[in-house]
Amino acid sequence: MLAAINDLYGSLREGFKGDLLRPGSPGYEHSRAIWNGMVAKRPGLIACCTDAADIQAAVRAAFDAKILTAVRCGGHSLAGFSTCDGGLVIDLSQMRHVTVNAHARRATFAGGCLLGSVDAATQKAGLVFPSGVVSHTGASGLILGGGTGWLTRRFGLSCDNVEAFTLVTADGGNVRCNARENADLYWALRGGGGNFGVVAEFEVKLHPLRAVTLVEGLTAEPHIRRLLEYWREFMADAPIDLKWNIDLRIAPQNEQLPRQLCARPVASSSLVWTGDPEAGRRYLRQAISLCHPDSVNHRVVSFLRLQTMADSCFPHGQRYYTKSGYFTQVDDDTIGRLLEGLGSIPSGGTQIELAYLGGAAAQVSASETAFGDRSAPFILNLLADWSEPSCDATHMGWVRALFSQLRPAMKPGVYVNFMSGDEADRVPEAYQERWDRLVAIKTHYDPYNFFCLNQNVPPRKPCSEQVAEASQG
Ligand SMILES: Cc1cc2nc3c(=O)[nH]c(=O)nc-3n(C[C@H](O)[C@H](O)[C@H](O)COP(=O)(O)OP(=O)(O)OC[C@H]3O[C@@H](n4cnc5c(N)ncnc54)[C@H](O)[C@@H]3O)c2cc1C
């Protein structure tokens with residue numbers, strides 16, 4: 001691969017406008033790192049693109065030379081797909097411009113934007129694009145997989161708010177798609193991940209919103225069962241203005257917390273009300289009735305504050321491992337298993353994340369986007385977070401053991417953006433009856449699986465290969 005990557009570097013040097021970083025180049029060590037410290041790879045070349053023409057040049061040269069290629073926006077792939085050993089990384093971090101048309105409530109932004117870049121620009125006009133909850137996450141990876149966050153119940157998934165994509169396909173072409181042009185591709189990109197090309201630009205709908213009511217509170221261990229029972233009933237009829245997430249974890253040792261909660265297993269509730277604060281008061285009051293009163297914090301926060309408040313909880317470079325799934329209902333046995341899981345949680349950063357979707361996201365039919373079935377409202381994510389490689393087995397073992405206990409009660413399906421790198425066998429499960437259509441679109445746009453570093457939808461093999469395999473027996 002070394003000779004090939006040297007040739008690639010040589011061919012790109014002419015005409016490529018961005019930086020080309022090789023091992024030893026200034027900036028290479030910083031640029032090669034991705035968010036999940038479990039994945040420490042050394043690409044042969046990092047091509048930092050400045051525009052679609054740079055992306056085209058990189059894709060064409062790497063495709064011709066058959067070089068393993070990763071695509072990176074924010075580098076937050078839990079699975080570590082945005083890097084590789086020895087190959088090429090197409091890095092979009094120099095492509096972060098955002099244009100807002102306040103009057104039309106529309107924005108256009110580049111494929112390297114972080115959520116924070118989009119929020120900062122849209123909030124200048126008092127508008128929002130519904131996305132995720134940590135501002136240093138890349139917008140591209142998040143949207144292409146679906147995109148859930150505080151505003152999902154009110155305005156739908158991120159991908160539901162994209163009106164058009166412009167992307168560079170495996171043959172180096174520049175393709176635009178929307179509901180009328182290349183509609184199959186438009187369908188596939190809303191949930192199908194990075195399988196189809198490098199998105200250089202998104203055109204999205206925006207919504208007016210400047211501030212929300214935020215209530216946070218902790219529930220002590222003896223009351224968590226009752227809280228979860230209450231939550232599952234309450235959310236079924238809750239207004240779409242309300243998002244209520246619950247994390248089961250160990251509370252920090254913190255002077256501001258009631259003493260009996262410090263360093264103890266707790267349920268941490270975060271409630272966001274996007275409507276009129278007065279109208280929300282009664283729902284919020286009911287919802288936090290099972291929180292310890294001295295732990296409750298109720299305030300109105302700006303949208304930008306909301307979007308950045310969790311940033312420091314998920315630092316770059318830690319070791320992370322995750323498994324995720326959906327429930328149609330969280331039954332009593334499942335609650336029992338979650339509580340046992342909390343009892344054996346291996347570290348302070350590790351948590352069991354529970355969210356309730358529904359609302360606007362559930363109003364889009366399963367066939368309308370590749371993201372698919374939104375009928376199971378409960379989404380669970382087991383997220384282990386630790387720093388020492390010597391603790392890998394403990395943390396990964398905890399996630400795997402708890403997941404296998406919970407799995408029988410889950411609805412088949414998984415959100416691709418919450419999957420680890422060792423779950424390739426679950427990708428068809430993520431798409432289910434949409435799989436064949438995705439494979440057909442992949443085969444059309446990327447028949448050689450050039451874009452393979454993702455939750456991969458492999459193309460159908462060319463007929464000649466099928467014949468050769470059949471004749472071998
Ligand atoms: C701290 C943290 C918080 C998160 N919070 C949320 C959340 O609130 N809601 C949610 O839904 N998800 C969340 N996620 C999951 C997140 O959606 C995925 O990790 C997502 O892939 C991150 O996108 P990225 O651009 O940063 O990732 P990258 O690692 O850069 O890329 C991820 C995948 O997308 C592909 N890709 C990236 N850019 C492009 C492009 N322009 N064109 C084509 N393919 C591309 C890559 O090749 C790779 O396969 C979070 C993840 C982390 C680490």
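Keep in mind it's a predicted model, so treat the numbers as computed, not measured. Read the numbers this way: they start at 1 and go in the same order the structure lists the ligands and their atoms.
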J.: I'd like the name of whichever of S135, C159, G138 reaches closest to atom 26 (O) of ligand 1 through any heavy atom.
T.: G138

J.: Considering distance alone, does some N or O of L144 sit under 3.5 Å from an N or O of ligand 1?
T.: no

J.: Return the residue, atom name and 0.1 Å-rounded distance of the protein heavy atom closest to atom 52 (C) of ligand 1.
T.: H76 CD2, 3.8 Å

J.: May I ask you to check if R22 and Y9 form a cation-pi contact, with NZ or CZ under 6.0 angstrom from the six-membered ring centre and within 45° of the axis?
T.: yes

J.: Show the atoms of ligand 1 that are less than 4.0 angstrom away from any heavy atom in R72.
T.: 30 (O)

J.: What atoms of ligand 1 come within less than 4.0 Å of a heavy atom belonging to V133?
T.: 7 (C), 8 (O)

J.: Are R42 and D85 within salt-bridge range, i.e. N to O under 4.0 Å?
T.: no

J.: Any idea which part of W35 is under 4.0 Å from ligand 1, heavy-atom wise: side chain, backbone, both or neither?
T.: side chain

J.: Give a yes or no on whether the ring-centroid distance for Y283 and W273 is below 6.0 angstrom.
T.: yes

J.: For ligand 1, which atoms, with element, lie under 4.0 Å from some heavy atom of S82?
T.: 28 (P), 29 (O), 30 (O)

J.: Non-hydrogen atoms of F418 versus ligand 1: any pair closer than 4.0 Å?
T.: yes

J.: Using a strict 4.0 Å threshold on nitrogen-to-oxygen distance, state whether R374 and D160 make a salt bridge.
T.: yes

J.: Would you check the N or O atoms of V199, main chain and side chain alike, for any that come under 3.5 Å of an N or O of ligand 1?
T.: yes

J.: With a cut-off of 4.0 Å, which atoms of ligand 1 are near a heavy atom of G132?
T.: 7 (C), 8 (O), 9 (N)

J.: Apply side-chain contact (heavy atoms from CB on, under 4.5 Å) to W386 and M396, showing your working.
T.: CA-CA 10 Å; W386 70 104; M396 293 167 76; 4.0 Å; yes

J.: Less than 6.0 Å separating the ring centroids of F378 and Y326?
T.: no

J.: For ligand 1, which atoms, with element, lie under 4.0 Å from some heavy atom of N454?
T.: 49 (O)

J.: Are the ring centres of F155 and H207 closer than 6.0 Å?
T.: yes

J.: Check ligand 1 against V198 and write out every atom of the ligand that is under 4.0 Å from a heavy-atom position of the residue.
T.: 42 (N), 43 (C)

J.: Are there more than 12 heavy atoms of other residues, nucleotides or ligands under 6.0 Å from atom NZ of K17?
T.: yes

J.: May I ask you to say whether D422 pairs ionically with R400, meaning some side-chain N is under 4.0 Å from a carboxylate O?
T.: yes

J.: Relative to the heavy atoms of G194, which atoms of ligand 1 are at a distance of less than 4.0 Å?
T.: 44 (N)

J.: Can you tell me if G149 contacts ligand 1 (heavy atom of the residue under 4.0 Å from the ligand)?
T.: no

J.: Establish, from distance only, whether the side-chain atoms of D184 and Y445 form a donor-acceptor pair under 3.5 Å.
T.: no

J.: Any heavy atom of G197 sitting closer than 4.0 Å to ligand 1?
T.: yes

J.: Below 3.5 Å, N or O to N or O, backbone or side chain included: is there any such pair between Y415 and ligand 1?
T.: yes

J.: Would G75 count as a polar contact of ligand 1, with the cut-off being nitrogen or oxygen pairs under 3.5 Å?
T.: yes

J.: Using the salt bridge (Lys or Arg N to Asp or Glu O under 4.0 Å) criterion, which residues pair with D19? Sequence neighbours excluded.
T.: none

J.: Counting only heavy atoms, tell me which of T148, T137, V71, N381 gets closest to atom 46 (C) of ligand 1.
T.: V71

J.: Between S387 and R319, do the side chains contain an N or O donor and an N or O acceptor separated by less than 3.5 Å?
T.: no

J.: Give the single entry among T152, L142, L453, T322 that approaches atom 12 (N) of ligand 1 most closely by any heavy atom.
T.: L142

J.: Do any N/O atoms on G74 end up under 3.5 angstrom from N/O atoms on ligand 1?
T.: yes

J.: Work out whether the distance between some heavy atom of G146 and some atom of ligand 1 is less than 4.0 Å.
T.: no

J.: Can you list the ligand 1 atoms lying under 4.0 Å from a non-hydrogen atom of S77?
T.: 19 (O), 27 (O), 28 (P), 29 (O), 32 (C)

J.: Should the proximity of Y320 to ligand 1, defined as any heavy atom under 4.0 Å, be assigned to the side chain, the backbone, both, or neither?
T.: neither

J.: Mind checking ring-ring contact (aromatic ring centres under 6.0 Å, His included) for F403 and listing every partner two or more places apart, or none if nothing turns up?
T.: none

